[in-house]
Amino acid sequence: MPPPRYEPGTIEPKWQEIWSRERTWEVANDPADAHGAEKSYVLEMLPYPSGEPHIGHLKNYALGDAIAHFHRRTGRHVLHPMGYDAFGLPAENHAIKTGVHPRKSTDESIAAFQQAFRSWGISIDWSRELATHEPEYYRWTQWIFLKLFERDLAYRKEAAVKWCPFDQTVLANEQVIDGRCERCGNEVEARQLEQWFFRITDYADRLLDELDHIEWPEHVKAMQRNWIGRSEGAEVVFRCEELNIDYPVFTTRPDTLFGATFFVMAPEHPDVFRLAQGRANEDEIHHYVNRSLTESLEERGAQDKPKTGVALGRTVTNPMTGEQIPMFVSDYVLMEYGTGAVMGVPAHDQRDYEFAQAFDLEIRQVVAPEEGELPEGQAFLAHTENERLINSGEFTGLPANEGMQAIVDWLDREGKGHASVSFRLRDWLVSRQRYWGCPIPIIYCEDCGMVPVPEADLPVRLPDVEDYQPKGKSPLAAAEDWVNVRCPNCRGRARRETDTMDTFVDSSWYFLRYCDARDDEAAWDRKIVDYWMQVDQYIGGVEHAILHLMYARFFVKALADMGLLGFQEPFRALFTQGMILGPDGQKMSKSRGNVISPTPIVERYGADAARCYILFIGPPDQDAAWSESSLNGVHTFLSRLWRLGDELGSSSDPPGAEQPESADADALAVIRKAHWAIEKVTDGLSRLTLNTAISAVMELRNEISRHPDADPAARRFATATAASLLFPFAPHIASEVYELLTGRRVWEEPWPDADPAMLQAETFELVCQVNGKVRDRVTAPTGAPRELLEQLALESRGVKAHLDGREVVKVVVVPDKLVNVVIR
RNA sequence: GCGGCGGUGAUGGAAUGGUAGACAUGGCGGCCUCAAAAGCCGCUGUCCCUCGGGGACGUGUGGGUUCGAAUCCCACCCGCCGUACCA
């Protein structure tokens, strides 16, 4: 008869069937149901269902599942839901190519994800499952849009926006990467279009400040801080006397105002043509502006691009010096930031310096270091307390930082400026000229203008269309029956908004819907949402550090301001997982041919081995290359554990794995190791160093095998403990082994407690150092007094050999650990 | 430029001021076998010596703090990520 083998193919479906039939992971919304237990909301970022799940999904959900299980077994009432971010461009582009309705391909992909999650044994509360393309969900996305509209947080305006010529849609700033479309990689163009925006800039300060109060990785907070880009400075007015117009500029260096020798406007500045009117070079100015507007963003923003521009033939007054300084138009000034115009201080700004060089303008030094030379051939940028103002009228001689304040005060008194703060963050452009998204619930009436769809009429359903091809306006515009409606106000003729929402709108509130997912009276019940939220542990890829995570924070703040939520931040703690790279250490991609698909891995080695391996491979926040041989090593470990369970379980009658009362040396070693492992795994799960948690279970299993003749009761206890500790990572085999040994269900058992008495043996190995170098190791009794340890060390062979008659200056004793003898 | 993170054996990594290299992969050797696979056991940082033992060196580089530093501090080098005519 062949020896019994570990067969995940049999074990895993067995347990999955039980969890599914008994709805083991469903939780009620009633806090009373928790019997006083603390709540915990563990959430992985919802997947975008396109094709089949990939290995990154397995990592994401293996991680989240380990945390969810750990929280459950440590007595918390755990919400762990799942859903799908189902609207979006890939499904629509697929539809354009094949004619298959995006709903069909999306639903097929969702089915593949559901199947995968079940075969991976992820502990999901399926009663809360949602998908953002279902009318039951997007009805409330539309409702939130209307709430934002009511508060003027959703608005329409014409602006220079980013347009992708390939996808034929506008994009949010955040979706433009290096001047290219995030989706298709084509160069993005600038276009002047009327679009829908969310007023996220109203929240810039709060989005920045409250980063200090959430447990997020430092680099993610840093990315958000950079993106928000708060700059303190002043707004200063430069007056064009000829035309009687005041032009404000924003500057972070008001201390350099005396050095402003010219003035530059962005090509998009609405006053450029007016200023150019009747000038000798009017044509040249028009030509320059038009070229700037049609230039791709990538070209315009190129790093080493020489400064270009055209003089406007007019002047403004420098408010400090009263001098008339020339005006220019140049594409290095951006309309979207500050006021669309800048003062040129060539001595103290590198870009202004380059511009002044190109146009032969005066470079006037107004800040100087207290000692040392000024840099040659470039602007002097430093701004510290070690500089003083020069050539600055009454302010000359002041330290730069004091001078800055004094100048701002002066401007304020004279009515020529004031302290000001500028943000890099722009409002969120949310409309898209595409089909597969949530319709914007607005109607345009010939008489009443823009009218919100009444709440009772929600959802505005996405109609079916024949042709998904984008033509510069939404494919929905072709659905005439749908577009033409009666005005909700006057019953007159009206047309629906045909743009759809950015899919990031859908995913900015899904975590709220999970709390009360089956509510068809409201988006959520505030009591229920306030109970479950915030998300206690959010897990996902770092690629969402800016977009999704910023938008979701904005939504929660806006909804809280409306009294709809009782908290300010959605995600109390965030964990960003690293990527799984191909076996070659490169990012997985079809073109490289290094893609590892989870399905065959799970079929061959089992979900437990795949999940364990992915968590064991290294710290989960780091990237890691796939290695089949390492995976095989994890599989070997699971096989050995299973064999131990099989061997010890069948010899146990009746089943049981209690810690034996008395034990010999062998048994004690095994029991001690079990308690040691409990502590290590608990710590690893708390700190999310899951790789070390799994290695602790491996060590425990090694120890059990190292003592084949120990009391079987002790070995059963230790093996059951190993299974119990492994459950968050490999739930199927853990359930199986635990059942073999005890007849009980491991997930119904409390998390084991380490007995402090078992964490220490009667003796320990005393490290004996001389001048910090290890010279010997001797056995010493645990808890021995310092004097004894000192004596043992001094008498040890290794220490004696190194004393060599030299003077002992000092002896440092670390109880239960080491002695360091310091000699001269 | 600015911001963030990191640099430890052949490889992935461990070590939260106290034995550097846990655990695993790979490699080498052995057991089992007619053989292979599987399984099991042992060794495996570098160098040196008088080799059943012992010593020196060793966590990117150079300093510092400390009885003791991979860990803390300073300077530098290298790498990765984000961001960038943001005034």
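Residue numbers begin at 1 in each chain, while the letters A, B, ... track the order of the sequences.
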- Message: Return a single string for nucleotides 19-33 of chain B, one symbol per nucleotide in 5' to 3' order, where B is base contact, S is sugar-phosphate-only contact and - is none, cutoff 4.0 angstrom on heavy atoms.
- Response: B--BBSSS-------
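Here A:P217 lies out of heavy-atom contact (under 4.0 Å) with every strand. Within 4.0 Å (heavy atoms only), A:I617 reaches sugar-phosphate atoms of the nucleic acid but no base atom. Contacts of A:V812 with the nucleic acid, taken as non-hydrogen atoms under 4.0 Å apart, include base atoms. In this structure, A:V809 reaches neither bases nor backbone, as no heavy-atom distance under 4.0 Å exists between it and the strands shown. Here A:S231 lies in heavy-atom contact (under 4.0 Å) with sugar-phosphate atoms only.
Distances shorter than 4.0 Å separate some side-chain N or O of A:R643 from OP1 or OP2 on B:C40. The phosphate of B:A84 (OP1 or OP2) has no side-chain N or O of A:R351 nearer than 4.0 angstrom.
A donor-acceptor contact under 3.5 Å is not formed by the side chain of A:K305 with the base of B:C85. A donor and an acceptor atom never sit less than 3.5 Å apart when one is taken from the side chain of A:R424 and the other from the base of B:U83.
Looking at A:R225 and A:D212, a side-chain N of the basic residue comes within less than 4.0 Å of a carboxylate O on the acidic one, giving a salt bridge.
With sequence neighbours left out, A:H544 forms a side-chain contact (heavy atoms from CB on, under 4.5 Å) with A:M45, A:F504, A:H548. Partners of A:E628 by side-chain contact (heavy atoms from CB on, under 4.5 Å), not counting sequence neighbours, listed by chain and number: A:I601, A:R604, A:Y605, A:W626. Every residue meeting the side-chain contact (heavy atoms from CB on, under 4.5 Å) condition with A:V408, not counting sequence neighbours, appears here in chain and number order: A:A234, A:P254, A:A419. Annotation: side-chain hydrogen bond (donor to acceptor under 3.5 Å, both in side chains) contacts of A:E232 (sequence neighbours excluded): A:R230. By the side-chain hydrogen bond (donor to acceptor under 3.5 Å, both in side chains) test, A:N318 pairs with no residue at all, sequence neighbours left out. Looking at residues two or more places apart in sequence or on another chain, you find a side-chain contact (heavy atoms from CB on, under 4.5 Å) between A:P326 and A:F262, A:F328, A:L361. The salt bridge (charged side-chain N to carboxylate O under 4.0 Å, His left out) test applied to A:R351 returns A:D349, not counting sequence neighbours.
Residues A:Q224 and A:L549 are in side-chain contact: their nearest non-hydrogen atoms beyond the backbone lie under 4.5 Å apart. Between A:F729 and A:L685 there is a side-chain heavy-atom pair separated by less than 4.5 Å. Annotation: side chain of A:R424 is in contact with side chain of A:W227 (closest heavy-atom distance under 4.5 Å). Under the 4.5 Å side-chain criterion, counting only non-hydrogen atoms from C-beta, A:F355 is not in contact with A:P346. In this structure, the side chains of A:Q791 and A:E787 stay at 4.5 Å or more apart for every pair of heavy atoms. Residues A:I363 and A:Q357 are in side-chain contact: their nearest non-hydrogen atoms beyond the backbone lie under 4.5 Å apart.
Atom CG in A:N226 sits roughly 16 Å away from atom P in B:G1 (whole-Å rounding). Taking atom CG of A:D349 as the reference point, atom C1' of B:C86 lies 11 Å away to the nearest angstrom. Remark: P of B:C86 and CD of A:E232 are 18 Å apart, rounded to the nearest angstrom. Whole-Å rounding puts the A:R426 CZ to B:U83 P distance at 14 Å. Look at CE on A:M579: it is 11 Å from C1' on B:C80, rounded to the nearest Å. Computed from coordinates, the A:L381 CG to B:C86 P distance equals 11 Å when rounded to whole Å. Between the P atom of B:G1 and the OH atom of A:Y353 lies a distance of 18 Å, rounded to the nearest Å. Rounded to a whole Å, the CH2 atom of A:W227 is 15 Å from the C1' atom of B:C2.
Between B:G9 and B:G62, the two P atoms lie 16 Å apart (nearest whole Å). The separation of B:U59 from B:A10, taken at their P atoms, amounts to 13 Å, rounded to a whole angstrom. Taking the P atom of each, B:U19 and B:C86 are spaced 49 Å apart, rounded to whole Å. The separation of B:A15 from B:G64, taken at their P atoms, amounts to 29 Å, rounded to a whole angstrom. B:G68 and B:G18 have their C1' atoms separated by 7 Å, with the value rounded to a whole Å. Straight-line distance between the C1' atoms of B:C85 and B:C72: roughly 40 Å, to the nearest whole Å. Comparing the same atom, P, in B:A69 and in B:C73 gives a spacing of 16 Å after rounding to whole Å. Only the C1' atoms considered, B:A14 is 5 Å distant from B:A22, to the nearest whole Å.
The A:D331 side chain lies nearest to B:C85 when the options are B:C85, B:G13, B:C67. Checked against B:G18, B:G3, B:C67, the side chain of A:V814 finds its nearest nucleotide in B:G18. Residue A:D683 places its side chain closer to B:U16 than to any other of B:U16, B:G18, B:G82.
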If you look only at distance, which donor and acceptor atoms sit under 3.5 Å apart when one is on a side chain in residues 578-589 of chain A and the other is two or more places apart or in another chain?
unit_1	atom_1	unit_2	atom_2	d
A:D584	OD1	A:Q586	N	3.1
A:D584	OD1	A:N594	ND2	3.0
A:D584	OD2	A:N594	ND2	3.3
A:S589	OG	A:S591	OG	3.2
A:S589	OG	A:R592	N	3.2

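B:G7 takes the anti form, because its glycosidic angle lies more than 90° either side of 0. With its glycosidic angle within 90° of 0, B:C51 adopts the syn conformation.
Each of A:S705 and A:T251 has a nearest nucleotide on RNA chain B; the 5'-most of these lies closest to A:S705.
Cation-pi geometry between A:R553 and A:W216 is met: under 6.0 angstrom from the ring centre, within 45 degrees of the axis. Under a cutoff of 6.0 Å and an axis angle of 45°, A:K307 and A:Y332 form a cation-pi pair.
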Collect all protein-nucleotide pairs involving nucleotides 35-37 of chain B in which both atoms are nitrogen or oxygen and the distance is under 3.5 Å.
none

Expected rows: protein N/O vs nucleotides 52-56 of chain B N/O, under 3.5 Å:
unit_1	atom_1	unit_2	atom_2	d
B:A56	OP1	A:R775	NH2	3.4
B:A56	OP2	A:R775	NH1	3.1

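Consecutive pairing runs in RNA chain B reach the stem threshold at B:1-7 with B:77-83, B:10-12 with B:23-25, B:26-31 with B:39-44, B:45-49 with B:53-57, B:60-64 with B:72-76, where a stem means at least three Watson-Crick or G-U wobble pairs with distances under 3.5 Å.
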